[in-house]
Amino acid sequence: MEDQEVIKEFLIESSENLSRLDRELVELEQNSCEPELLAGIFRTFHTIKGTCSFLGFTRLESVAHQAENVLCRLRAFELELTPELISLILRAVDAMRIHLASIESEGKEAETSDGELCRQMQAAAEEGKPASARPVTEAEAAPPRGQNGVADSAIRVDVHLLDTLMNLVGELVLTRNQILQFTSSQEGAALNSSSQRLNLITSELQESVMKTRMQPIGVVWNKIPRLVRDVAMACGKRISLEMEGAGTELDKTIIEAIKDPITHIVRNCCDHGIEKPQLRKSRGKPIEGRLTLRAFHEGGQVIIEIADDGAGVDVEAVKAKAINAGLLRAAQAESLSEREALNLLFEPGLSTARTVTNVSGRGVGMDVVRTNIERIGGAVEVASQLGAGTTIRLKIPLTLAIIPGLVVALGERRSAPRPGRAGSEDGVMHFIIPQVSLIELVRLEGGAARHSIERIRDTAVYRLRGNLLPIVYLRTVLGCESGEHASDVVNIAVLQAGDRQFGLVVDGIRDTQEIVVKPLGKHLKGLTCYAGATIMGDGKVALILDVMGIAQRCGEISDNNRERAHGGPGSTLDERASGKQAYLLFGSGPYKRIAVPLSTVSRLEEFPQSQLERAGGRLAVQYRGRILPLIPLAPILEPGAGDTASGRDPVQAVVFQSGPRTLGLLIDGLADIVEDAASMKQASGRRGLLGSAVIGQRFTDLLDLETVLSAGWDEWINGRSNIAQPDLSSLATAIGPRVQVSELTEAKG
Amino acid sequence: MAPSPNSTEAQPVLRYATFVVAGHYFGTDVTQVQEVLRHQTMTPVPLAPPVIRGLINLRGQIVTAIEMRQRLGLAARADSQEAMNVVVRTDDGVISLLVDEIGDVVESEPGLFEDPPESLDPVLRSLVSGIYKLKDRLLLVLDIRQTLNLDAVVVQLAG
């Protein structure tokens with residue numbers, strides 16, 4: 001059943017290809033040997049040959065193969081283009097047409113003999129001159145016409161026509177919206193019901209037009225297993241195939257455009273990438289090679305990854321080959337980076353395969369891949385590790401695709417960042433975040449809006465369910481007036497960019513819409529922050545944000561900051577917190593995760609309320625014959641914050657001791673003890689905190705023990721005025737030079 | 001094949017769509033001009049070079065609008081004055097040029113043509129391929145390809 005589908009497609013495609021070949025060959029004869037035209041013809045034969053080979057149409061394949069040989073030599077200027085040669089190739093086209101007709105009507109190739117034709121072509125390719133052109137009646141016989149069946153059952157529609165249709169529907173939607181608005185203010189049932197019908201029909205039309213364009217990538221992938229199997233058999237290899245994300249939907253035009261490239265890449269991987277079983281065994285790899293195809297959305301693009309665990313690309317061999325082929329001078333090759341060298345694979349006429357096989361190795365495949373992918377505005381990347389495999393990533397843009405997106409607003413752009421313009425015609429700008437990148441929305445109001453976003457040097461962070469989420473202001477990213485002025489509401493869109501998450505702060509969140517992605521003009525292609533643009537319901541243009549691009553832009557910014565931080569005045573803090581050590585983690589008041597080095601902690605204690613002694617608002621407990629002052633930590637860190645610790649029963653205290661001085665800090669609860677090197681330090685302006693660090697992979701505040709103890713002590717001792725306690729005076733002495741009057745006053749204020 | 005009225009039959013007659021930018025009278029090959037539009041709602045593009053004024057919706061097609069005053073290094077337009085759009089077709093798609101006023105279509109008279117003077121402002125000179133000395137004023141022929149080559153703008157700004 002599946003094969004029937006494949007063959008049907010092959011027939012439609014080939015009949016189209018052949019008619020194009022007829023035209024192009026004649027054109028070639030007239031424009032004697034225009035390289036681009038020749039390359040196009042060559043590719044067409046190559047494609048037909050490739051498809052034949054895995055569908056098992058050997059005769060068709062051999063005709064195409066011979067024709068390709070001739071063209072290959074023409075392309076290398078080793079043959080002169082003569083009318084005889086063109087006739088020869090045209091005859092090959094006719095012969096192929098006969099086979100196609102036969103496949104369509106009989107289900108198999110025609111019983112004609114192409115031997116004579118093939119011999120002539122072979123001779124032509126070898127000698128540079130076609131053998132005496134004896135007519136081959138079978139091949140010259142006109143293909144049976146008038147029974148095109150399958151080929152007629154599907155219509156191919158020009159992309160531009162679909163574009164036009166799409167635009168017209170868009171316009172219709174806008175007009176419909178206007179009419180609906182108008183009729184809602186009018187009386188009259190007839191008009192109202194008509195406009196309602198118009199509304200319905202328009203929506204349906206829009207949906208249908210959109211649907212005509214979407215297809216799952218599985219349409220392309222259905223062919224792959226058979227292809228892999230056949231190539232593997234032909235090469236005597238064992239290859240297992242994994243495919244993920246077959247349901248990923250792509251625009252029809254994009255599906256069309258990536259079909260050939262994917263086929264080429266897969267064939268290349270199987271043929272050149274994955275080694276023969278013996279070789280794999282000797283290299284200590286599993287005998288069975290693995291080929292993985294993955295398709296997924298990422299940052300507003302569809303990524304198609306084709307990875308093998310084969311031999312990888314020998315960069316030096318690529319360079320040598322490129323020098324041989326005259327693409328590169330030896331001196332240039334020296335200075336090429338590995339990535340640049342890998343990109344040479346996409347140059348026409350370069351193949352590292354040592355032998356030209358039936359399957360691949362002419363150096364035509366990757367050339368076609370790049371041409372086709374770039375035509376739809378995509379990009380191809382190769383990553384390869386010699387001996388470990390090759391990964392080819394196709395980045396397919398969402399151009400022409402329809403995606404759900406979240407409309408966000410950036411309000412009141414008072415001054416655009418452009419000199420000489422007071423461009424304030426717009427109160428609010430709308431942007432669209434592709435839904436695929438959106439994880440959740442967080443809205444902070446009131447006090448939370450002002451305080452929840454914390455800063456680590458120039459990087460803003462928000463604690464999202466205990467995890468540290470870097471915060472990026474869209475306003476800043478887009479270079480509109482910097483500064484997140486205090487606002488009562490903060491909207492954070494939590495976005496996924498690759499394997500990272502970040503929060504994008506926007507001024508307003510509107511709604512989710514299905515949007516038609518339209519490409520930006522050439523002049524704006526360089527702006528990585530945008531994936532495209534779309535037209536909103538009111539007819540205005542809105543830019544679609546490229547989440548990946550924004551993340552990269554911010555990554556650069558924060559990288560710079562990090563560099564600046566090094567060697568800066570904050571280094572004492574770095575020293576203090578560097579190295580691995582055990583931290584006691586606890587919570588106090590608004591701070592859910594405070595850390596102190598465990599080595600500074602004397603004891604952890606719990607006291608029942610009944611043991612506590614209160615005097616003048618002070619708390620203490622008798623402990624081992626002494627008075628242990630108990631000081632709630634929260635009010636020290638956050639003056640005015642409620643004391644949530646001393647009301648508990650039992651209260652929890654962390655006891656610190658330094659010489660004879662002993663103090664208990666009352667906390668809300670112990671969290672954990674972890675051993676970690678406190679990374680990502682940031683000094684804090686807050687009293688009682690050294691700063692912030694990531695401890696145990698979570699954002700944690702480091703307690704400034706000295707300050708807290710002296711401040712706590714100060715409060716405690718001042719509070720208890722007249723009551724004298726002998727050991728307390730000694731405590732005060734023990735605190736020593738740290739507790740100076742000036743410091744105390746400062747701490748109180 | 002009737003002989004052309006002029007003796008210079010070798011020179012094909014070119015027709016220019018004309019427009020005014022900051023008092024200067026420009027013309028561009030009329031076959032490149034797709035249409036002329038009144039002021040359009042514009043969506044600014046943050047981070048874009050200043051010469052790109054924004055994007056407009058041209059019947060469902062998104063078109064980049066280039067501020068000609070900025071491009072030509074001329075004074076900015078007063079806020080009260082609305083820009084007109086000269087929509088031109090290029091190899092890279094459709095682009096809108098923002099100008100002050102739209103003029104008539106003018107036929108070229110090869111005899112009146114002259115290269116731009118050396119002393120002309122270098123930015124302007126790089127974009128003007130020639131000048132027609134019309135009776136009442138000078139018609140500057142705008143080189144669209146150069147005008148839309150914004151890489152040059154960056155260099156100018158940097159230099």
Side-chain angles (χ1 to χ4, degrees), chain A residues 163-175 410 413 415-426 428-431 474-481 516-530 532-536 538-545 549-550 553, chain B residues 22 39-83 87-98 144-145 147-154 156-157:
Chain A
D163 282 351
T164 314
L165 204 55
M166 200 69 166
N167 284 340
L168 287 174
V169 169
E171 288 293 298
L172 185 62
V173 170
L174 294 184
T175 316
L410 209 53
R413 275 182 73 234
S415 57
R418 53 193 50 169
R421 293 288 330 164
S424 57
E425 63 193 44
D426 43 354
V428 178
M429 282 189 86
H430 287 120
F431 294 92
L474 183 59
R475 199 173 273 287
T476 317
V477 174
L478 297 184
C480 313
E481 67 184 275
V516 184
V517 183
K518 300 189 179 231
L520 289 173
K522 180 191 111 180
H523 295 117
L524 298 171
K525 278 269 160 67
L527 299 176
T528 53
C529 286
Y530 310 117
T534 193
I535 292 170
M536 307 283 287
D538 59 0
K540 278 196 190 141
V541 178
L543 289 157
I544 301 165
L545 297 176
I550 288 176
R553 215 181 137 79
Chain B
H39 177 73
Q40 298 285 309
T41 313
M42 194 93 56
T43 300
V45 183
L47 303 179
V51 65
I52 295 177
R53 190 73 179 80
L55 301 171
I56 57 174
N57 169 12
L58 181 64
R59 293 184 299 278
Q61 195 181 359
I62 291 172
V63 173
T64 309
I66 307 269
E67 175 54 77
M68 285 310 290
R69 282 192 178 232
Q70 173 99 32
R71 183 67 186 94
L72 295 165
L74 301 169
R77 189 177 301 111
D79 279 346
S80 56
Q81 194 181 2
E82 288 194 332
V87 181
V88 294
R89 274 187 295 259
T90 73
D91 295 343
D92 300 312
V94 176
I95 303 272
S96 171
L97 307 178
L98 298 179
I144 294 287
R145 187 182 287 265
T147 304
L148 298 180
N149 179 7
L150 298 184
D151 300 340
V153 178
V154 178
Q156 280 163 20
L157 290 177

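Chain A is the first sequence line, chain B the second, and so forth, proteins listed ahead of strands; every chain is numbered from 1. Please read all numbers here as calculations on a predicted model, not as lab measurements.
- Within a 6.0 Å sphere centred on CZ of B:Arg89, heavy atoms belonging to other residues, nucleotides or ligands number more than 12.
- Between A:Leu520 and B:Val45 there is no side-chain heavy-atom pair separated by less than 4.5 Å.
- With values rounded to the nearest 0.5 angstrom, A:Lys518 atom NZ is found 12.0 Å from B:Leu55 atom CG.
- Chosen from B:Ile62, B:Ile95, B:Val94, the residue pairing most often with chain A at heavy-atom distances under 4.5 Å is B:Ile62.
- Between A:His523 and B:Ile66, the closest side-chain pair of non-hydrogen atoms falls below 4.5 Å.
- Note that CG of B:Asn57 is 3.5 Å distant from CD1 of A:Ile535, once rounded to the nearest 0.5 Å.
- The minimum heavy-atom distance between B:Leu47 and A:Leu527, with the atom names listed, is O-CD2, 3.5 Å.
- Across all non-hydrogen atoms, the minimal contact from A:Met429 to B:Pro46 is CE-CD, 3.8 Å.
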